[in-house]
Amino acid sequence: MSKAKKSFRPKARAPRGLRDQRGGQLQAERRMLDAIAGVYARYGFELLDTPAFEYADALGKFLPDQDRPNEGVFSFQDDDEQWLSMRYDLTAPLARFVAENYDSLPKPFRRYQWGPVWRNEKPGPGRFRQFIQIDADSVGAPTMAADAEMIAMMADCMDALGIARGDYVVRVNNRKILDGVLECAGLLPEASNYETQKLIVLRAIDKLDRLGADGVMLLLGEGRKDESGDYTKGAGLSPEQIEKVMAFTRAGAADRRETCANLRSAVGTSAIGLEGVEELQEIDRLLDALACGSDRAVFDPSVVRGLGYYTGPVFEVELVFEAENEKGEMTRFGSVGSGGRYDGLVKMFKGVEVPATGCSFGVSRLFAALEALGKTQTDAATGPVVVLVMDKDRAADYQVMTKELRDAGICAEMYMGGGGMRAQMKYADKRGAPLVVIEGEDERAKAEVTLKDLVLGERLSADISDNEEWRSGAQAQVSISRTGLVEGVQKMLMASDAFKGEG
RNA sequence: GCCGCCUUAGCUCAGUUGGUUAGAGCGCUGGAUUGUGGAUUCAGAGGUCCCCCGUUCAAGCCGGGGAGGCGGUACCA
């Protein structure tokens, strides 16, 4: 006898950095999405949806000197050999949409959009290769009013999610000021290595909160070696230049106007820098008008965001409270949303500059953050009322009961499995059913049904635990007349809702 | 990408100096319980010891290579 050859079985597992979501968690995340979408809609934005993937060149992510999309994006070739890429954000598809339909769109074009985006990067806790973003953008809106609106709207979203004032803050900066500081430090845009140096300086500033002033100064100068032995090349600035940049990062104050005053001296006589400061001053006035004070939005010179992308105001929303994670450590989640002005994006398609500004929340990340911090109200996934099948020949009777409940607006199902009563109870338990409906021989003889309150039953069992009696008496159940089924179920549901309300 | 640590049951992990049949807890399935989930108790199922090559009479354990995971760092539209 030969060994039976095992047939090939694929290993059942989700791809790295991707995940399944189900039930209560999914619904909670959806509620969060709805709350943000509701705010966007009230601000007057129009809903748009675009495809999950685009022609790769439209996303603008090609490897230099190569006919192949950049790393970081998932790509594949169409049958005509054109490269297609999964979208990695919602802004690039928007630029494509606006350029394609430019003549027929109202200008400014204000739309909001949500959906999954994909990034081929190393996944981490709360960081996936597929995640949901929800964006709002104003395309063709050149004034600071559009930027101020984005900032106030992001703050309103945090309010709408029930995050307390003081637990979040929108940090705002302006790219023009960064340019001004570099100019002030003697870095000239004409220099051949200007772009490289600027990039390094921006990255260094972005790391301020993590590395501290000393680490950033190393990055601005010679470079820095981290604990793992990895070396990061510095910008090679002189001590005087470094001091100018560091002075800029210290310009932040609790009050927006005070920050503006500090920034004004940090940019010296740089025209572009002064322009940036004036823009912030205007944003400050507009935010005041929108009832968005320094408790919700501050000016923070260390905010950098998307490097080769933003051209004016940039902002990010940060959760600033700390909470204990499952390991008992105090953690804080940083940025959960961001945005800014990108006047150059549509130019890629149209050749003319179209001023635009927008904002974006990472819904998956925001949800994961709030969940990890125990700030989500995951209303313990309430399952359906389960009608037990006590007598397999009477399935039609149970279906009638189930339909009566559904017609009364109650989520209900008849047990569809093949198990006995014990298995059916376990099933109901696992589904999170609030109660089960039992109609066996005994009940039928008396034209009754038994309702068992699973929530209450669990409560009671906790008190009786060591007593074998717990099974002898039927806990938390009542028998009612068959004709009063709907009424009886409604009554029991209300009672258990009230009970949950107490807890 | 770079550095470090890790990989044994569905999950969390034990596993002696290399030595017969690889274990525990939890979970799962079933019984104790004519018709009752969560307590108790008994039983059962469940394993390519990550993969490949090598050393050895003998490898979960030793050596080499690879893959995957975790942490840090870099990048991040």
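Naming: A, B, ... by sequence-line order, numbering from 1 per chain. Computed from heavy atoms alone, side chains included, the values below leave out hydrogens, waters and symmetry copies.
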Want to settle it: does A:Leu219 or A:Gly17 sit nearer the 5' end of RNA chain B, counting the closest nucleotide to each? A:Gly17

Indicate, with a heavy-atom threshold strictly under 4.0 Å, whether A:Gln424 touches base, sugar-phosphate, or nothing. nothing

Residues pairing under ring pair (Phe, Tyr, Trp, His ring centres under 6.0 Å) where one sits in residues 193-222 of chain A, two or more places apart or in two chains, turn out to be none

Report the distance from atom CZ of A:Arg129 to atom P of B:rG68, rounded to the nearest whole Å. 10 Å

Please work out if A:Val436 contacts a base, only the sugar-phosphate, or nothing of the nucleic acid, heavy-atom cut-off 4.0 Å. nothing

Can you pull out every salt bridge (charged side-chain N to carboxylate O under 4.0 Å, His left out) where at least one residue sits in residues 343-365 of chain A? Sequence neighbours excluded, please. A:Arg341-A:Asp343

Side-chain N or O of A:Arg422 less than 4.0 angstrom from OP1 or OP2 on B:rG37? yes

A:Arg210 side chain near B:rU73 phosphate (N/O to OP1/OP2, under 4.0 Å): yes

Measure CG/A:Leu202 against P/B:rC75 and give the value in whole Å, please. 12 Å

Distance between the C1' atoms of B:rC6 and B:rU12, in whole angstroms? 15 Å

Separation of the P atoms in B:rG25 and B:rU41, to the nearest angstrom: 11 Å

B:rA77 base stacked by A:Tyr88 (centroids within less than 5.5 Å, tilt under 30°): yes

Spacing of A:Lys430 atom NZ relative to B:rG27 atom C1', expressed in whole Å: 8 Å

Assign each of A:Asp429 and A:Thr91 to its nearest nucleotide of RNA chain B by heavy atoms, then name whichever residue's nucleotide is nearer the 5' end. A:Asp429

Between A:Arg394 and A:Tyr398, is any side-chain donor less than 3.5 angstrom from a side-chain acceptor? no

Looking only at B:rU36, B:rG68, B:rC76, the nucleotide nearest the A:Glu121 side chain is B:rC76

Could you write out RNA chain B as dot-bracket? Rules: Watson-Crick or G-U wobble, both distances under 3.5 Å, brackets [ ] for crossings, | for pairs with another strand, dot for unpaired. (((((((..((((.....[...)))).(((((.......))))).....(((((..]....))))))))))))....

So, A:Gln82 versus A:Gln77: side-chain donor-acceptor pair below 3.5 Å or not? no

From C-beta outward on A:Met421, which listed nucleotide comes closest to its side chain: B:rU36, B:rG71, B:rG68? B:rU36

With respect to the side chain of A:Asp442, which nucleotide from B:rG35, B:rC75, B:rA77 is positioned closest? B:rG35

With rounding to whole Å, what would you report as the distance between B:rG15 and B:rU7 at their P atoms? 11 Å

Of the listed nucleotides (B:rA77, B:rG37, B:rA74), which one gets closest to any side-chain atom of A:Met425? B:rG37

Sticking with atom P, work out how far B:rG4 lies from B:rG65, rounded to a whole angstrom. 13 Å

Pairing donors with acceptors under 3.5 angstrom, does anything connect the side chains of A:Gln113 and A:Asp135? no

Roughly how far apart, to the nearest Å, are B:rC49 and B:rG18 at atom C1'? 15 Å

Of all heavy-atom pairs linking A:Ile283 and A:Pro313, the shortest is CD1-CG, 3.8 Å

Report the nucleotide, chosen from B:rU29, B:rU36, B:rU73, that has the shortest atom-to-atom distance to any side-chain atom of A:Lys426. B:rU29

Spacing of A:Asp206 atom CG relative to B:rC75 atom C1', expressed in whole Å: 11 Å

Rounded to whole Å, please give me the gap between CZ in A:Arg16 and P in B:rG69. 5 Å

Can you tell me if A:Arg129 uses its side chain to pair, donor with acceptor, with the backbone of A:Lys122 under 3.5 Å? no

Do A:Ser138 and A:Thr357 have side-chain N/O donor and acceptor atoms under 3.5 Å apart? no

Among B:rA74, B:rG37, B:rG35, the nucleotide that comes nearest once only the side chain of A:Lys207 is considered: B:rA74

A:Glu443 near the nucleic acid: base, sugar-phosphate alone, or nothing, with a heavy-atom cut-off under 4.0 Å? base

N or O in side chain of A:Arg203 less than 4.0 angstrom from B:rA74 OP1/OP2: no

When the C1' atoms of B:rG19 and B:rU29 are considered, how many whole Å apart are they? 35 Å

Rounding to an integer number of Å, can you tell me how far A:Met348 CE sits from B:rA77 C1'? 11 Å

Using whole Å, what does the distance between atom C1' of nucleotide B:rG1 and atom NZ of A:Lys122 come to? 10 Å

Electrostatic pair A:Glu443-A:Arg482, nearest N-O below 4.0 angstrom: no

Centroid-to-centroid, A:Phe109 to A:Phe97, below 6.0 Å? yes

Rounded to whole Å, CG of A:Leu18 lies from P of B:rG68 at a distance of 14 Å

Looking for any heavy atom pair under 4.0 Å, which part of the strands does A:Lys233 touch: base, sugar-phosphate only, or nothing? nothing

Atom P, compared across B:rG46 and B:rA22: separation rounded to whole Å: 13 Å

Please give the distance between the P atoms of B:rG72 and B:rC50 as a whole number of Å. 25 Å

Against the side chain of A:Thr232, the closest entry in B:rA74, B:rA77, B:rU36 is B:rA74

Looking across every strand, which nucleic acid part, if any, lies under 4.0 Å from A:Ile438 by heavy atom: base, sugar-phosphate, or nothing? base

